[in-house]
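Numbering of ligands and ligand atoms starts at 1, following listing order. The chain is numbered in sequence order, starting from 1.
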Amino acid sequence: MADQAYVTLATNDDYAKGAMVLGRSLRNHNTTKQLVALIGPHIAEPCRATLSSIYDEVHVVDILDSRDTAHLALMKRPDLGVTFTKLHCWQLTRYTKCVFMDADTLVLSNIDELFEREELSAAPDPGWPDCFNSGVFVFKPSIETYHRLMTHCVENGSFDGGDQGVLNSFFNTWSTADISKHLPFIYNLSSIAMYTYLPAFQQYGHEAKVVHFLGKVKPWNYSYDTQTGKVKGHTLTPGSSELHPDFLVQWWNLYSSGVLPALRDSYGDKPFCSGCSEDKTRDSVVETIQAPPPPQDPPMSSEERKQRWEAGQADYMGVDSFESIQRKLDCFLK
Ligand code: UDP
Ligand code: GLC
Ligand code: MN
């Protein structure tokens, strides 16, 4: 279908790797739709070339940044102000209908049936299910809607500092008006679902059609051993939670087989960080230019931790991660 497209966004080279894997996963599952990537102006040329080999269209867009440090701090994600850039997708008016997908999503089967849904269809957010998660949503490009969204941003801001806050207050009847606009959770299975509701994850997780690596730690923060096909620890703060190992391996398998060869061709002799540990020379060159890990939060007393937990501010990615809880349970059971 030439007038329907999947759309994603990458403002930097890391998210561009995610977009490459997402695009490959859509192609591997034989989508009949067009693939469109919106990219920031600072994406490296070889990444842009690789994206162009996977996507039908690659558009450079201006970065829109909420600069709302206060709300972003509440989410512990100061980096997400630039997700306002996502809103450019409403300008793609040569398409009559689109599905936006975050660059940290991975498609596990054909999902073209999503185009039977209307704007704005999305799955519930695992943290607050009366809000939708804006990592996967069906929308109808329209310049009028784009301008109304921009006005809404200026007049009301965003309650989370990112696009999801804006979109939920703009499409504010989503939770009550029309159940057909509620996508089943399997179209946006967030990686934290296994921390929040493990039995449901065990029961339904295998039906997942889209995995969303939601949260601070992303697949590309890990490294991969091409010899063993195993994923090794990530480069972020020690103690941050781990992503689901099976989905993580699927992401890396696709990255190493379906993306990396094209990326290497595009980079030629220029160094880049492949994330694969067999690639000694390249990675050692690049290690010196990698950003230092983010500073660790100061240790918290167990009383403070309990208060935060009771206030709904569990540190799912850190001390309250599934692994930590499991370790504790194992310890009691022993
Ligand atoms: N994004 C981006 N650059 C950034 C941060 C985010 O291009 O620096 C885009 C990317 O498509 C990403 C989406 O915005 O998937 C939302 O951010 P993220 O997935 O990190 O948010 P989360 O789903 O973890 O809340
Ligand atoms: C979310 C969504 C993501 C969005 C971010 C900022 O958790 O997963 O797509 O960009 O919040 O609003
Ligand atoms: Mn995401």
**Message:** Taking the ring of Trp90 and the ring of His147, is the distance between their centroids below 6.0 Å?
**Reply:** no

**Message:** To the closest 0.5 Å, what do you measure between CZ (Phe272) and CG (Asp13)?
**Reply:** 11.0 Å

**Message:** Heavy-atom contact check, 4.0 Å cutoff: does Gly135 meet ligand 1?
**Reply:** no

**Request:** Would you please say whether a donor-acceptor pair under 3.5 Å links the side chains of Gln250 and Tyr255?
**Result:** no

**Message:** Does the residue His212 have a heavy-atom contact with ligand 1, meaning some pair of atoms that are separated by less than 4.0 Å?
**Reply:** yes

**Item:** For atom 17 (O) of ligand 1, closest protein heavy-atom neighbour
**Value:** Leu80 CD2, 3.5 Å

**Prompt:** With backbone taken as N, CA, C and O and side chain as the heavy atoms from C-beta onward, which portion of Lys218 lies under 4.0 Å from ligand 1: side chain, backbone, both, or neither?
**Reply:** side chain

**Item:** Protein contact to atom 16 (C) of ligand 1 [nearest heavy atom, distance to 0.1 Å]
**Value:** Asp102 OD2, 3.4 Å

**Message:** Counting non-hydrogen protein atoms only, what is the nearest one to atom 12 (C) of ligand 1? Give residue, atom name and distance.
**Reply:** Tyr15 CE2, 3.5 Å

**Partners passing side chain to side chain donor-acceptor pair (under 3.5 Å) against Lys218 (at least two apart in sequence or in another chain)** = Asp104

**Request:** Report yes or no: do Tyr187 and Asn133 form a side-chain donor-acceptor pair below 3.5 Å?
**Result:** no

**Heavy-atom side-chain contact between Trp251 and Leu22 under 4.5 Å** = no

**Request:** Measure the distance from atom 2 (C) of ligand 1 to every protein heavy atom, then report the residue, atom name and distance (to 0.1 Å) of the closest one.
**Result:** Thr11 OG1, 3.4 Å

**Asked** Any side-chain donor paired with an acceptor under 3.5 Å for Gln203 and Tyr197?
**Response** no

**Element-labelled atoms of ligand 1 that are located less than 4.0 Å from some non-hydrogen atom of Asn12** = 8 (O)

**Prompt:** Should the pair Phe247 and His244 be assigned to parallel (<30°), tilted (30 to 60°) or perpendicular (>60°) ring geometry?
**Reply:** tilted

**Within 45° cone of Phe115 ring axis and under 6.0 Å: Lys33 NZ or CZ** = yes

**Message:** Using a cut-off of 2.8 Å, how many protein N, O or S atoms sit around the Mn ion (ligand 3)?
**Reply:** 4

**Message:** Check for me whether Arg77 has a heavy atom closer than 4.0 Å to any atom of ligand 1.
**Reply:** yes

**Request:** Could you verify whether a donor N or O on one side chain and an acceptor N or O on the other, from Asp163 and Thr83, lie under 3.5 Å apart?
**Result:** yes

**Asked** Is there a donor-acceptor contact under 3.5 Å linking the side chains of Asn30 and Asn110?
**Response** no

**Message:** Do Arg117 and His182 have side chains that approach each other closer than 4.5 Å (heavy atoms only, starting at C-beta)?
**Reply:** no

**Prompt:** With hydrogens left out, which residues have an atom under 4.0 Å from ligand 2, given that only heavy atoms count?
**Reply:** Leu80, Thr83, Lys86, Asp102, Asn133, Ser134, Gly135, Asp160, Gly162, Asp163, Gln164, His212, Leu214

**Asked** Side-chain donor-acceptor pair under 3.5 Å between Tyr15 and Asp102, yes or no?
**Response** no

**Request:** Looking only at protein heavy atoms, identify the closest one to atom 19 (O) of ligand 1 and say how far it is in Å.
**Result:** Asp104 OD2, 2.9 Å

**Asked** How far is atom 14 (O) of ligand 1 from its nearest protein heavy atom, and which residue and atom name does that atom have?
**Response** Thr83 CG2, 3.5 Å

**Request:** Answer yes or no: does an N/O atom from Phe213 fall short of 3.5 Å to an N/O atom of ligand 1?
**Result:** no

**Asked** What orientation do Phe137 and Phe100 show, parallel under 30°, tilted 30 to 60°, or perpendicular over 60°?
**Response** parallel

**Message:** Salt bridge check, Lys209 against Glu113: does any charged N sit closer than 4.0 Å to a carboxylate O?
**Reply:** yes

**Request:** Measure Thr85 to ligand 1 on non-hydrogen atoms and call it side chain, backbone, both or neither using the 4.0 Å cut-off.
**Result:** neither

**Complete:** Short version for Leu9: what comes under 4.0 Å of ligand 1, heavy atoms counted, is both

**Fill in**
Here the side-chain hydrogen bond (donor to acceptor under 3.5 Å, both in side chains) pairs for residues 20-29, sequence neighbours left out, are Arg27-Asp56

**Request:** Check Ala103 against ligand 1 and report side chain, backbone, both or neither, counting heavy atoms closer than 4.0 Å.
**Result:** both

**Request:** Could you list the atoms of ligand 1 found under 4.0 angstrom from a heavy atom of Ala10?
**Result:** 7 (O)

**Asked** Taking the six-membered ring for Trp, are Phe132 and Trp174 parallel (under 30°), tilted (30 to 60°) or perpendicular (over 60°)?
**Response** perpendicular

